[in-house]
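Worksheet: one structure, shown below.
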Amino acid sequence: MSKTNHIVDLISQGEHVRLDFKFAITDAAKIAKSLSAFSNTRGGTLLIGVKDNGVVAGVRSDEEFYMVDSAARRYCRPQVDFTYENWTVEGKTVLEVIIPETPTKPVECKGDDGRFWSYVRIEDQNILAHPVQILTWEKLQRQKGALICYTEKEAHLMQALKGFNFLTLSQIKRKTRLKHFELLHLLSDLAAMNVIGISQTEEQCRFYLREV
């Protein structure tokens with residue numbers, strides 16, 4: 001496949017969980033959200049110089065690359081490593097930025113409020129990661145090779161999930177009568193043990209028992 005056809009093929013796919021179009025980058029902090037989301041999900045590609053409708057507009061200068069580099073180095077924690085290449089399409093330059101999924105999650109990015117936030121990629125949107133997902137990532141990093149306790153409370157929680165394809169946090173809370181923060185930690189313990197799964201959409205986060 002030629003260089004031009006490679007980009008044309010990507011554009012024809014439209015934006016999805018692993019592909020995002022950016023007409024231009026004017027704010028490193030905003031692009032850091034995409035870097036966080038791709039890193040925390042399945043990795044992905046940014047095509048810079050392409051409008052949301054797939055029209056090739058081209059990048060203006062090397063400033064676009066420096067914005068991405070600044071986002072990766074200054075606004076993401078830990079720093080995001082990416083690869084890039086410039087392509088010529090319809091006589092215009094398109095910057096392709098490839099972000100791999102990181103093995104060390106979460107990757108956070110600095111928000112306008114000065115705090116760090118974690119994002120995930122859901123379809124073609126960057127969504128704030130649910131607190132249970134963040135706790136799960138953190139526990140997987142801290143507790144590699146460590147034993148996570150399985151108590152009556154975990155058993156009670158698993159029993160509440162039996163018979164349902166999915167339950168939201170509020171539904172589980174009503175069924176178990178567990179306190180909010182206790183429930184967050186129990187769910188993340190079970191997720192870290194790969195006993196339950198987490199399914200996040202744009203509207204809500206749902207939990208389910210994995211098949212044994």
Side-chain angles (χ1 to χ4, degrees), residues 14-20 30 32-44 75-78 80 99-212:
E15 293 179 304
H16 54 72
V17 69
R18 300 194 66 198
L19 182 63
D20 197 8
K30 288 183 179 178
K33 291 182 180 180
S34 292
L35 300 183
S36 169
F38 281 135
S39 297
N40 288 329
T41 313
R42 294 165 50 196
Y75 290 91
C76 289
R77 186 176 69 187
V80 171
I99 304 100
E101 179 180 358
T102 180
T104 307
K105 300 181 179 73
V107 170
E108 304 170 309
C109 64
K110 192 174 184 179
D112 294 335
D113 57 1
R115 298 170 62 189
F116 280 84
W117 302 91
S118 299
Y119 288 82
V120 291
R121 186 79 175 168
I122 306 296
E123 296 182 356
D124 61 349
Q125 298 294 318
N126 302 323
I127 307 297
L128 275 171
H130 193 274
V132 172
Q133 180 64 81
I134 296 171
L135 283 170
T136 302
W137 287 331
E138 291 173 347
K139 288 176 179 180
L140 285 170
Q141 293 305 317
R142 288 199 310 265
Q143 300 176 354
K144 285 186 182 293
L147 180 65
I148 299 175
C149 293
Y150 181 79
T151 68
E152 290 184 4
K153 288 184 177 180
E154 280 82 5
H156 177 51
L157 178 51
M158 289 176 61
Q159 187 63 39
L161 286 166
K162 280 185 178 179
F164 296 92
N165 290 330
F166 297 95
L167 286 178
T168 64
L169 187 66
S170 59
Q171 288 172 331
I172 298 171
K173 191 184 296 184
R174 285 196 298 270
K175 288 176 67 66
T176 61
R177 304 296 181 182
L178 290 166
K179 293 180 180 179
H180 181 75
F181 289 106
E182 183 178 29
L183 182 55
L184 293 184
H185 281 281
L186 289 172
L187 284 168
S188 58
D189 281 346
L190 291 173
M193 295 164 64
N194 208 33
V195 173
I196 68 167
I198 302 171
S199 175
Q200 188 166 350
T201 67
E202 291 183 45
E203 293 79 26
Q204 62 184 357
C205 190
R206 303 180 298 176
F207 305 91
Y208 60 94
L209 273 179
R210 292 188 180 276
E211 292 185 7
V212 179

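Given the structure is predicted, the values throughout are model-derived calculations rather than measurements. All residue numbers refer to positions in the sequence shown, counting from 1.
Between the side chains of Ser170 and Thr168, at least one donor-acceptor pair of N or O atoms lies under 3.5 Å.
Summarising the geometry, atom CG belonging to Asp189 is positioned 9.0 Å from atom CG belonging to Leu135; distances are rounded to the nearest 0.5 Å. Once rounded to the nearest 0.5 Å, the distance linking CD of Gln159 with NZ of Lys162 reads 4.5 Å. One distance of note links OG of Ser39 with CD of Glu108; it measures 12.0 Å at 0.5 Å rounding. Considering CD1 of Ile172 and CD1 of Ile196, their distance stands at 6.5 Å, rounded to 0.5 Å.
Identified under the ring pair (Phe, Tyr, Trp, His ring centres under 6.0 Å) test for residues 159-210, with sequence neighbours left out: His130-Phe207, Phe166-Tyr208.
In the displayed structure, Glu152 atom CD is contacted under 6.0 Å by at most 12 heavy atoms of other residues, nucleotides or ligands. No more than 12 heavy atoms of other residues, nucleotides or ligands shown are found within 6.0 angstrom of NZ on Lys110. For Asn165, the CG atom counts as loosely surrounded, since its 6.0 Å shell holds 12 or fewer non-hydrogen atoms of other residues, nucleotides or ligands. Within a 6.0 Å sphere centred on NZ of Lys153, heavy atoms belonging to other residues, nucleotides or ligands number 12 at most.
With respect to Arg210, the side chain to side chain contact (heavy atoms under 4.5 Å, CB included) criterion is satisfied by exactly one of Asn194, Leu161, Leu190: Asn194.
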Can you check side-chain contact (heavy atoms from CB on, under 4.5 Å) on Tyr119 and Thr41, steps first, answer last? CA-CA 9 Å; Tyr119 288 82; Thr41 313; over 6 Å; no

